[in-house]
J.: 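A single structure is presented below for examination.
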Number of protein chains: 2
Amino acid sequence: MNKRSGEESKRNIIAAAIQVFADYGYDNASMRMIAQAAGVSVGTLYLHFKNKDDLYLTITKEWIDDLNELTNRALDRIDDPRTAITVFITISIDYTREHREMILLQGRKFGRCLGLEQKQQFFRKRRQLLTDIVQRGVTEGVFRSDDPAETARIIFNVLRGFIFSMLIDEEALFRAEACVDLVLNGLRRRNNG
Amino acid sequence: MNKRSGEESKRNIIAAAIQVFADYGYDNASMRMIAQAAGVSVGTLYLHFKNKDDLYLTITKEWIDDLNELTNRALDRIDDPRTAITVFITISIDYTREHREMILLQGRKFGRCLGLEQKQQFFRKRRQLLTDIVQRGVTEGVFRSDDPAETARIIFNVLRGFIFSMLIDEEALFRAEACVDLVLNGLRRRNNG
DNA sequence: CGTTCACATGAACAAGCGTTCAGGTGAAGA
DNA sequence: TCTTCACCTGAACGCTTGTTCATGTGAACG
């Protein structure tokens with residue numbers, strides 16, 4: 001194989017690994033498959049990554065950081081709680097749509113799993129973000145909630161359900177607004193606007 | 001090993017398999033582990049099941065039938081759409097709580113997976129059940145919905161999110177009512193009852 | 001030119017897998 | 001008592017896996 005820069009190889013491997021991991025799941029994806037998809041030999045994988053776990057964790061860390069930064073940047077200058085909820089949900093759903101393989105890969109390894117703590121920390125941080133938004137909404141009188149933390153957890157669950165459905169059914173073309181609308185307005189008919 | 005009835009062995013194996021599958025995931029659960037947990041030898045597994053897939057599919061079919069019957073029986077004589085939604089959600093959540101390992105095991109194999117069709121059919125049937133309830137609610141004027149099928153899908157997603165959170169976090173002690181309340185009433189403050 | 005060194009290779013290895021099968025065991029019927 | 005037969009056993013087989021390592025390659029530098 002031609003000589004290449006180390007960094008380029010590493011990027012190729014990561015891209016290939018995401019694809020193969022997502023297609024076959026962590027366990028069924030073999031290092032040989034990843035190597036072939038990346039156009040390198042097995043040995044090269046171990047030149048850039050300590051082992052299979054390391055490769056997986058690198059990928060995980062990468063998208064967590066990515067989504068975190070994206071979210072923080074978007075929410076930075078938004079004051080209205082309703083807008084903030086909308087943006088939070090929209091970003092989460094868009095990100096899933098754009099990085100379906102990578103998120104799918106995560107779903108394929110939930111439970112007692114590799115990188116569990118960093119993922120839990122990630123979720124905790126995001127729930128905290130939501131709690132703050134709800135708290136602000138209650139203070140401003142636009143949301144109803146006895147317990148903002150509990151409400152945030154509920155919204156988080158709702159969002160997770162939507163994302164899950166996107167992962168299961170590739171064709172699920174629903175609008176993020178449908179999710180937002182349900183969270184904000186509920187199913188029951190309102191007698192006024 | 002002592003002589004036992006074939007049926008008893010089979011039940012033992014199924015119980016052990018659910019536990020082991022749930023603890024380790026389908027791929028990491030080996031036939032040797034299941035055999036040991038069931039207190040039989042590997043050979044015996046193949047006496048009662050064609051292979052690993054067959055064992056897994058048997059388990060899957062069992063809980064699908066179980067939950068289906070449970071749901072149908074409960075919804076049979078309920079007319080009020082609000083009560084029906086409440087019952088549907090409550091049953092789903094309770095069932096998950098009581099059969100956490102088995103449901104967890106399913107989650108561990110979603111995507112391109114074994115028994116995909118029967119699971120998809122199961123989900124379709126349940127969504128249809130919800131669609132009917134929503135439709136009735138709209139007709140009776142207690143629910144708002146432009147598209148009952150879409151609304152049912154949304155509720156389904158919400159429910160799935162809640163169930164997912166139960167699987168991830170064993171300690172997640174939330175009340176089914178919290179889920180029902182959000183679905184029915186939404187986050188936004190209502191100006192009237 | 002020769003030396004160096006980061007990058008790359010793929011055969012080889014031990015371990016674990018799903019699955020098979022020749023054989024063992026003991027209650028039940030003849 | 002002997003035969004039958006459903007039930008059970010676990011060593012063995014072929015295969016795949018993650019990982020290692022002796023070896024190769026070629027640009028860069030003196």
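Note on naming: letters A, B, ... go to the chains in the order of the sequence lines (proteins, then strands), and numbering restarts at 1 for each one.
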J.: Within this structure, what is the NZ-to-C1' distance between B/K50 and C/dT20, rounded to whole angstrom?
T.: 15 Å
J.: Can you name the residues that form a salt bridge (Lys or Arg N to Asp or Glu O under 4.0 Å) with B/K61, not counting sequence neighbours?
T.: B/D65
J.: Taking only side-chain nitrogens and oxygens of B/Y46, does any of them come within less than 4.0 Å of OP1 or OP2 of C/dT20?
T.: no
J.: Counting side-chain heavy atoms from CB outward, which of C/dT19, D/dC8, C/dA8 is closest to A/H48?
T.: C/dA8
J.: Not counting sequence neighbours, which residues clear ring-ring contact (aromatic ring centres under 6.0 Å, His included) with A/F88? List them please.
T.: none
J.: Applying ring-ring contact (aromatic ring centres under 6.0 Å, His included), can you list everything that pairs with B/F49, at least two apart in sequence or on another chain?
T.: none
J.: B/E98: which residues meet the side chain to side chain contact (heavy atoms under 4.5 Å, CB included) condition with it, sequence neighbours left out?
T.: B/D94
J.: Under 4.0 Å between a Lys/Arg side-chain N and an Asp/Glu carboxylate O for A/D181 and B/R144?
T.: yes
J.: A/E7 has an atom CD; how far is it from atom C1' of C/dC7, in whole Å?
T.: 13 Å
J.: Where the side chain of B/T44 is concerned, which of D/dT9, C/dG10, C/dC7 is the nearest nucleotide?
T.: D/dT9
J.: Counting only side-chain N and O atoms of A/S9, is one of them less than 4.0 Å from OP1 or OP2 of C/dA8?
T.: yes
J.: What nucleotide among C/dA11, D/dG18, C/dA8 has an atom nearest to a side-chain atom of A/S41?
T.: C/dA8
J.: Which residue pairs satisfy the ring-ring contact (aromatic ring centres under 6.0 Å, His included) criterion with at least one member in residues 115-136 of chain A, sequence neighbours excluded?
T.: A/W63-A/F122, A/F123-A/F156
J.: Sort me out a list of protein N/O and nucleotides 15-17 of chain C N/O pairs below 3.5 Å, or just none if empty.
T.:
none

J.: Can you measure A/D53 atom CG to D/dT17 atom P for me and round it to whole angstrom units?
T.: 16 Å
